[in-house]
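One structure below.
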Amino acid sequence: MITTAIGPALLHGVLDAVDGERGLLPQRLPAPARARNTDPQLAGAQSQPSGVRVVFRTAARTVELETLRTRIGLVGAPLRPDGAYDLLVDGRPAGSATTSGGKLLMTDPATGEVTVTDGPPGPVRFTLPGRDALVEIWLPHNEITEVVALRTDAPVAVVPPGGRPVWLHHGSSISQGSNAAGPSTTWPALAARAAGVELVNLGFSGSAMLDPFVARTLRDTPAALISVKIGINVVNADLMRRRAFAPAVHGFLDTIRDGHPDTPLLVVSPVLCPIHEHTPGPGAPEVVDGRLRFRATGDPAEVAAGKLTLSVIREELARIVAGRTPEDPALAHLDGRKLYGDDDAAELPLPDRLHPCPEAHLRMGERFARLVFGAGGAFHAAGTWCGTCRPSARS
């Protein structure tokens, strides 16, 4: 086996990478933004490499990727399944695997105490076609992952980014991929593959809070297309009131426009989430019959005093975009319920009352590709989506 040194050139869909304990640690926010952040939730989320993949060309028959993972859990709740590593060969799904070992980071939601248990690195191994091929190994979207070593039975060649339009997306845990079957089957990954664009996913679990340093990251990152999915975290964190929300959204969009004055920019409102449609936050986790679930703890009567619900946020976002588009024709709006709405909730209910199931991620990815990259969509001119192209959940 040939060992190839792990360097930033092998990583696509990432804005930074730093030296970890054993290898290279992808970071989805650049150093200046990380320096501004004081929230442990965001720090952990941006270190989970959603949308990040190891990309190379090779004629190898066998590839082995060694990583040091950090699993994340809550005391009193069951651990999530092992994070998946998804293989794509020449753009098509070709397998999925999990690794072993690694660290375990547990947070006690009652006290905030964090404990870390150490473990060794572990490998994932895939069989390749044995001819020259483009190979992508998508890293787990929900585990912090240090890339330690890449081993193949034939030489590898670095594949420079470029050649496809870059779609830069920002959102919450649903955009990061919570409850998706794997990293290549989060709804943004599926939509990007169907549209033939290069995804940079800045979906941060629990952390889409209209932070100014995130807006500056979007401003400074080269992209042909930008989308921002706003709302659910603002509600379930009970972060602000109606008076503050609209100016915060305007400021967020203004900052993006400072660096991308003419780039197609799509504002996406929240998908349906029944617990927060008419009930404000904060949201709270609970374990019911051994399963983690979420509930809204606010009082609907307080909406009149300015508390936010998803219904209120959708109204505000539609109003904000409508007010800006006369001077910004490249700005568009999508009601998130067109991705997942009432009929979908009846057929595919949110398993934990907050995050879509794997089948719903597939549906959302298909719909986003059709509605946004398809004919008449906000990104139609830049994508290569066609009516017969559909992403697949697994090979």
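Just so it is clear, the structure is predicted and the values come from calculations on it, not from any experiment.
- If you chain together hydrophobic residues whose side chains sit under 4.5 Å apart, Val268 and Leu210 never meet in one group.
- Residues Val200 and Trp167 form no side-chain contact, since every pair of their non-hydrogen atoms from C-beta on lies 4.5 Å or further apart.
- Counting only heavy atoms from C-beta outward, the side chains of Gln46 and Val214 never approach each other to under 4.5 Å.
- Panel note: side chain Asp16, backbone Gln27; no donor-acceptor pair is recorded below 3.5 Å.
- Leu371 and Leu331 fall into different hydrophobic clusters, defined by Ile, Leu, Val, Met, Phe, Trp and Tyr side-chain heavy atoms under 4.5 Å apart, directly or through other members.
- Residues Met209 and Val234 share a closest heavy-atom pair of SD-N, 4.3 Å.
- Although no hydrogens or angles enter the test, the distance criterion places no donor-acceptor pair under 3.5 Å between the side chain of Ser178 and the main chain of Ile174.
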- [ ] I would like to know whether Arg314 and Glu277 meet side chain to side chain contact (heavy atoms under 4.5 Å, CB included); could you show each step before the answer?
- [x] CA-CA 10 Å; Arg314 289 194 198 95; Glu277 288 298 316; 2.7 Å; yes
Task: Pair Asp238-Lys307, salt bridge (charged side-chain N to carboxylate O under 4.0 Å, His left out): steps then yes or no - done: CA-CA 8 Å; Asp238 194 24; Lys307 274 209 170 187; 3.3 Å; yes
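- Proximity of Leu354 to Ile232: side-chain heavy atoms (C-beta onward) are separated by under 4.5 Å at one or more points.
- Taking the side chain as every heavy atom from C-beta outward, Ser205 and Gln41 approach each other to under 4.5 Å.
- A continuous path of ILVMFWY side-chain contacts below 4.5 Å connects Leu199 to Met364, so both sit in one hydrophobic cluster.
- In this structure, the side chain of Asp108 does not engage the main chain of Val75 through any donor-acceptor pair within 3.5 Å.
- Under the 3.5 Å distance criterion, the side-chain polar atoms of Glu302 are left unmatched by any main-chain donor or acceptor of Pro280.
- Under the side-chain contact (heavy atoms from CB on, under 4.5 Å) rule, Val235 has a single partner from Leu310, Ile275, Val312, which is Leu310.
- Cluster membership check: Phe204 shares its hydrophobic cluster with Ile226, using side-chain heavy-atom separations under 4.5 Å among Ile, Leu, Val, Met, Phe, Trp and Tyr.
- Taking the side chain as every heavy atom from C-beta outward, Asn142 and Arg80 approach each other to under 4.5 Å.
- Within the 4.5 Å cutoff, no side-chain heavy atoms of Asp352 are placed close to those of Arg291.
- Counting Ile, Leu, Val, Met, Phe, Trp and Tyr side chains that sit under 4.5 Å apart, directly or through other members, Val52 shares a hydrophobic cluster with Ile6, Leu10, Leu11, Val14, Leu24, Val54, Phe56, Val63, Leu65, Tyr85, Leu87, Val89, Val124, Phe126, Leu128, Val135, Ile137, Leu139, Val147, Leu150, Val156, Val158.
- No side-chain N or O of His361 forms a donor-acceptor pair with one of Thr185 less than 3.5 Å apart.
- A salt bridge does not link Arg293 to Glu286: none of the charged nitrogens lies less than 4.0 Å from a carboxylate oxygen.
- Ser227 OG to Phe368 CZ: the interatomic distance, rounded to the nearest 0.5 Å, is 4.5 Å.
- Among all heavy-atom pairs drawn from Pro356 and Pro351, the shortest one is C-CD, 4.1 Å.
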Task: Step-by-step side chain to side chain donor-acceptor pair (under 3.5 Å) determination, Ser173 to His355 - done: CA-CA 8 Å; Ser173 58; His355 304 103; 2.8 Å; yes
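- Proximity of a side-chain donor or acceptor of His278 to a complementary backbone N or O of Val303 within less than 3.5 Å is not detected.
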Open item on the list: Before you tell me yes or no, could you show the steps for Arg257 and Glu327 under salt bridge (charged side-chain N to carboxylate O under 4.0 Å, His left out), namely the whole-Å CA-CA distance, both residues' side-chain angles and the distance that decides it to 0.1 Å?
Closed with: CA-CA 12 Å; Arg257 279 296 185 227; Glu327 298 180 357; over 6 Å; no
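- Distance alone, capped at 3.5 Å, places no donor-acceptor pair between the Ser96 side chain and the Ala84 backbone.
- Under a 3.5 Å cut-off, the side chain of Tyr340 and the backbone N or O of Arg363 do not form any donor-acceptor pair.
- Arg241 CZ: more than 12 foreign heavy atoms inside a 6.0 Å radius.
- Leu317 CG to Leu334 CG: the interatomic distance, rounded to the nearest 0.5 Å, is 11.0 Å.
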TODO: With side chain to side chain contact (heavy atoms under 4.5 Å, CB included) as the test, would you mind laying out the steps for His333 and Ser269 before giving the verdict?
DONE: CA-CA 8 Å; His333 172 258; Ser269 67; 4.1 Å; yes
- [ ] Take Leu265 and Phe379, measure what side chain to side chain contact (heavy atoms under 4.5 Å, CB included) needs, and give me the verdict at the end.
- [x] CA-CA 9 Å; Leu265 174 57; Phe379 295 166; over 6 Å; no
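- When side chains are defined from C-beta on, Thr99 does not count as touching Asp82, because their heavy atoms never get closer than 4.5 Å.
- Nearest heavy-atom pair across Gly259 and Arg219 is N-CG, 3.4 Å.
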- [ ] Please lay out, stage by stage, how Glu359 and Asp344 fare under the test side chain to side chain contact (heavy atoms under 4.5 Å, CB included).
- [x] CA-CA 10 Å; Glu359 294 79 11; Asp344 304 300; over 6 Å; no
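- Between Asp90 atom CG and Glu136 atom CD the span is 9.0 Å, to the nearest 0.5 Å.
- Distance alone, capped at 3.5 Å, is enough to place a donor-acceptor pair between the His12 side chain and the Val159 backbone.
- Contact between Thr62 and Arg125 at its shortest, heavy atoms only, is CG2-NH1, 3.3 Å.
- Rounding to the nearest 0.5 angstrom, the gap separating the SG atom in Cys357 from the CG atom in Leu348 is 4.5 Å.
- With Asp211 contributing its side chain and Phe213 its backbone, the two residues share no donor-acceptor pair below 3.5 Å.
- Annotation for Ile2: hydrophobic cluster partners, listed by chain and number, are none (ILVMFWY side-chain heavy atoms under 4.5 Å, direct or chained).
- In this structure, Pro93 and Asp86 have side chains that are not in contact, with every pair of non-hydrogen atoms separated by 4.5 Å or more.
- Separation of atoms CG (Leu105) and CD1 (Ile144) is listed at 6.5 Å; rounding is to 0.5 Å.
- Formation of a donor-acceptor pair under 3.5 Å by the Thr58 side chain with backbone atoms of Pro155 is found in this model.
- Looking at residues two or more places apart in sequence or on another chain, you find no side-chain hydrogen bond (donor to acceptor under 3.5 Å, both in side chains) involving Thr107.
- For the salt bridge (Lys or Arg N to Asp or Glu O under 4.0 Å) criterion with Lys103, the lone passing option out of Glu146, Glu143, Glu21 is Glu21.
- By the rule that hydrophobic residues join a cluster once side-chain heavy atoms approach within less than 4.5 Å of another member, Val372 and Leu168 end up as members of separate clusters.
- Taking the centre of each ring, Trp187 and His169 come in below the 6.0 Å mark.
- One finds the CG atom of Asn233 at 9.0 Å from the CG atom of Leu239 (value rounded to the nearest 0.5 Å).
- In this structure, Gly365 and Leu190 approach most closely via the heavy-atom pair CA-CB, 4.2 Å.
- The two residues Ala378 and Leu266 come nearest to each other via the heavy atoms CB-CD1, 4.2 Å.
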